[in-house]
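Reminder, nothing fancy here: chain letters follow the sequence lines and each chain counts from 1.
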Protein chains: 2
Amino acid sequence: MTAFTLDERLQRDGIPIASIGLCQLRLMNDRRWPWLILVPQRAGISEVYELTPLDQTMLTFETNMVATALKKVTGAEKINIGALGNIVRQLHVHIIARREGDPNWPGPVWGYGKAEPWPEQDHQAFASRILENL
Amino acid sequence: MTAFTLDERLQRDGIPIASIGLCQLRLMNDRRWPWLILVPQRAGISEVYELTPLDQTMLTFETNMVATALKKVTGAEKINIGALGNIVRQLHVHIIARREGDPNWPGPVWGYGKAEPWPEQDHQAFASRILENL
């Protein structure tokens, strides 16, 4: 069995926040939307159904814990959750806070325009607020 | 407590296939992609974390069962799963079969172009193949 290693593109596009039970929690380095991702630390998985039933349940639990914290911290109108993986095949779940009038609202965030990196201090402050609310 | 009634737009955009444990399974009436949705039959829910823990687990189970069947029937390269709800607030989970070169690949399907309705016979044949593989 191969050990889990984070995909290079996921590594480049995001900032690590924490390792929770199953997943690495990361903040996408794009301040246009409050945008978190969860990466199950399991090697060779690209679809949720390839995880064991227990891991699937863990992923659901962690996704909803993060979604609840994101809603609380941002006061967002809607949380968007998605596992696409058309570009990066390593399984990862997007959890994004959306509000009316944000970039591409009410359309999806994926593939829209160009990322705007967070200023260092801001992303650390945001990550701290998420962690406090997990 | 209000009874569950299916959102009008979800009703208009899709074709019912089956009622499985928690959810209604529907086929989106857009043959550009094999595109299913699951609607938990619970009133007043717009985020997954608003479901009870048991219902969350059921939704995960049903989502992965449908994703597995969709992969098997279509031989898709990637399954896309998403719960957005920016337009229709009633909780619904999209499960979509994607392949290289399909419309908007590798971008998301939501908000892209105009739906192309299925011919009646084709959607019935497709729905039957999904049901046989659940």
Legend entry - Heavy-atom contact with chain A under 4.5 Å, split by part of Glu77(B):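 Looking at Glu77(B), backbone and side chain both touch chain A.
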Consider only side-chain heavy atoms of I, L, V, M, F, W and Y, link residues closer than 4.5 Å, and tell whether [X] and [Y] are in one cluster.
| X | Y | result |
| --- | --- | --- |
| Leu36(B) | Trp118(B) | yes |
| Ile81(B) | Val109(B) | no |
| Trp35(B) | Leu27(B) | no |
| Leu91(B) | Met58(B) | yes |
| Ile15(A) | Leu6(A) | no |

Legend entry - Least distance between heavy atoms, Gly107(A) atom then Asn86(B) atom: O-ND2, 3.8 Å
Legend entry - Residue selection (most heavy-atom pairs with chain B, distance under 4.5 Å) from Arg89(A), His94(A), Arg98(A): Arg89(A)
Distance (rounded to the nearest 0.5 Å) between [X] [atom1] and [Y] [atom2]:
| X | Y | atom1 | atom2 | result |
| --- | --- | --- | --- | --- |
| Asn64(A) | Leu59(B) | CG | CG | 9.0 Å |
| Leu84(A) | Trp110(B) | CG | CH2 | 4.5 Å |
| Thr57(B) | Phe61(A) | OG1 | CZ | 10.5 Å |

Inset, instruction - Would you mind telling me which of Lys71(A), Lys78(A), Lys72(A) makes a salt bridge (charged side-chain N to carboxylate O under 4.0 Å, His left out) with Glu47(B)? - result: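 Among Lys71(A), Lys78(A), Lys72(A), the one meeting salt bridge (charged side-chain N to carboxylate O under 4.0 Å, His left out) with Glu47(B) is Lys78(A).
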Inset, instruction - Could you tell me whether the side chain of Gln56(B) and the main chain of Thr60(A) form a donor-acceptor pair under 3.5 Å? - result: no
